[in-house]
Structure formats: C-alpha cells, structure tokens
Amino acid sequence: MSERELLAQLVENSRKQLFYARVRTFLMAAGVAFIGGSLYMTVPQVLQMVSHADAAIENITAMCSSIAQMGDNMNSFITENAQTVAEVMEKIEAVDFQGLNNAIKNLGDVVAPLAKFFNLF
C-alpha cells in the first residue's frame, strides 16, 4: 500500500470515528436531557409526598399520645371508682332475689282482683 492509500484510509477511519463520536455525544446529551427532565418532573412530587408523609407521621404521633393519655385517664378512673364499684357489687349481692320474686308474685295476686273489678266498667 502506498502512502497515499494509507493516508486516505486514515482519513476515512478518522471520519468514521468522528461520526461515531458525534453519535455518542448526541445520545449522551439526549440521555442527560431525559434524566434531567424526569428529575424536573418527579422531584416536586416526591418532595410533596415527603411533606405529606411528615404530616401523617405527626398525626400518628399525636394520635398515639392521645391514646396513651386516654389509657392513663381510664386507669385513674378505674382506680378512683374501684371502691365504689366494689360497694355496689356487695349491695347487689346482698339483694334477696327470692324474697323480691315472692313480693312481686304477692303484688300480682293482690292486683289481679282489682284489675278484674275495673274491667267491668
């Protein structure tokens, strides 16, 4: 091969390399533009979602403290009223239900003739 052919081949290879370098550069620029556009569109939404998540976490924290306070209030309510509940239970246990049932039956026996009498009018 002559010098001229080698130079022509070298120029041809250089042109091919330049062409492929331009194609790579264009594709790289398009990829960077695509990624930049995607970030430009998604970052505000992600930031908004994060702020909503922060608000949700604050609400959950407030709800948890409210539940804990409600539990403390229930504990104090039960502690304060335990003696009263025990007294009421003792009084309920002291009721003579058999005697009460007999009294109700006797009252029914007394009222039945009066009901028949008033039904005549």
Side-chain angles (χ1 to χ4, degrees):
M1 280 176 105
S2 70
E3 229 179 83
R4 192 165 237 200
E5 291 174 347
L6 285 174
L7 281 174
Q9 191 177 9
L10 224 128
V11 168
E12 184 64 29
N13 285 341
S14 293
R15 284 184 181 155
K16 285 181 182 178
Q17 285 179 347
L18 180 62
F19 173 75
Y20 288 120
R22 286 180 180 165
V23 169
R24 277 193 311 266
T25 303
F26 175 75
L27 291 176
M28 203 63 134
V32 167
F34 177 75
I35 291 172
S38 296
L39 288 175
Y40 179 75
M41 292 172 57
T42 57
V43 167
Q45 293 174 352
V46 169
L47 292 176
Q48 185 179 16
M49 185 174 58
V50 167
S51 70
H52 287 307
D54 287 341
I57 290 171
E58 288 175 8
N59 288 340
I60 289 172
T61 304
M63 182 180 66
C64 289
S65 65
S66 174
I67 289 172
Q69 183 181 7
M70 183 177 69
D72 293 340
N73 290 344
M74 288 297 288
N75 284 340
S76 64
F77 176 76
I78 290 170
T79 303
E80 291 171 0
N81 293 311
Q83 181 63 32
T84 306
V85 170
E87 291 173 2
V88 167
M89 291 305 293
E90 287 175 7
K91 289 179 182 178
I92 289 174
E93 289 174 0
V95 172
D96 179 20
F97 287 104
Q98 186 61 37
L100 185 60
N101 286 337
N102 287 337
I104 291 171
K105 183 184 176 299
N106 291 340
L107 180 64
D109 292 343
V110 169
V111 172
L114 280 173
K116 287 181 184 175
F117 176 73
F118 282 113
N119 280 336
L120 293 175
F121 295 109

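Only a predicted model underlies this, so the values are computations on that prediction, with no experimental measurement involved. The analysis underlying the following values was restricted to heavy atoms, covering all of them including side chains, and did not include hydrogens, waters or symmetry mates.
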Other ILVMFWY residues reachable from [X] by side-chain steps of under 4.5 Å:
{"X": "Leu107", "value": "Val111"}
{"X": "Val46", "value": "Val50"}
{"X": "Ile57", "value": "none"}

Using side-chain hydrogen bond (donor to acceptor under 3.5 Å, both in side chains) as the criterion, list what pairs up with [X], not counting sequence neighbours.
{"X": "Glu80", "value": "none"}
{"X": "Glu93", "value": "none"}
{"X": "Asp109", "value": "Lys105"}
{"X": "Lys16", "value": "none"}

List the atom pairs, donor and acceptor, that lie under 3.5 Å between side-chain atoms in residues 81-89 and the rest of the protein, sequence neighbours left out.
from  : atom 1 : to    : atom 2 : distance (Å)
Asn81 : ND2    : Phe77 : O      : 3.0
Gln83 : NE2    : Glu87 : OE2    : 3.4

What pairs of donor and acceptor atoms, side-chain ones from residues 25-41 against any protein atom, are under 3.5 angstrom apart with sequence neighbours left out?
from  : atom 1 : to    : atom 2 : distance (Å)
Thr25 : OG1    : Ala21 : O      : 2.7
Ser38 : OG     : Phe34 : O      : 2.9

Give, for atom [atom1] of [X] and atom [atom2] of [Y], the distance between the pair rounded to the nearest 0.5 Å.
{"X": "Leu10", "Y": "Glu5", "atom1": "CG", "atom2": "CD", "result": "13.0 Å"}
{"X": "Asn59", "Y": "Cys64", "atom1": "CG", "atom2": "SG", "result": "11.0 Å"}
{"X": "Arg15", "Y": "Leu18", "atom1": "CZ", "atom2": "CG", "result": "9.5 Å"}

Original post:
So among Gln17, Arg24, Arg22, which one has a side-chain contact (heavy atoms from CB on, under 4.5 Å) with Tyr20?
Top reply: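 Going through the options one by one, the only one that passes is Arg24.
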Subject >> side-chain contact (heavy atoms from CB on, under 4.5 Å) involving Leu6 - partner list, sequence neighbours excluded >> reply: Met1, Gln9
Original post:
With Gln98, which residues qualify under side-chain contact (heavy atoms from CB on, under 4.5 Å), at least two apart?
Top reply: Asp96, Asn102
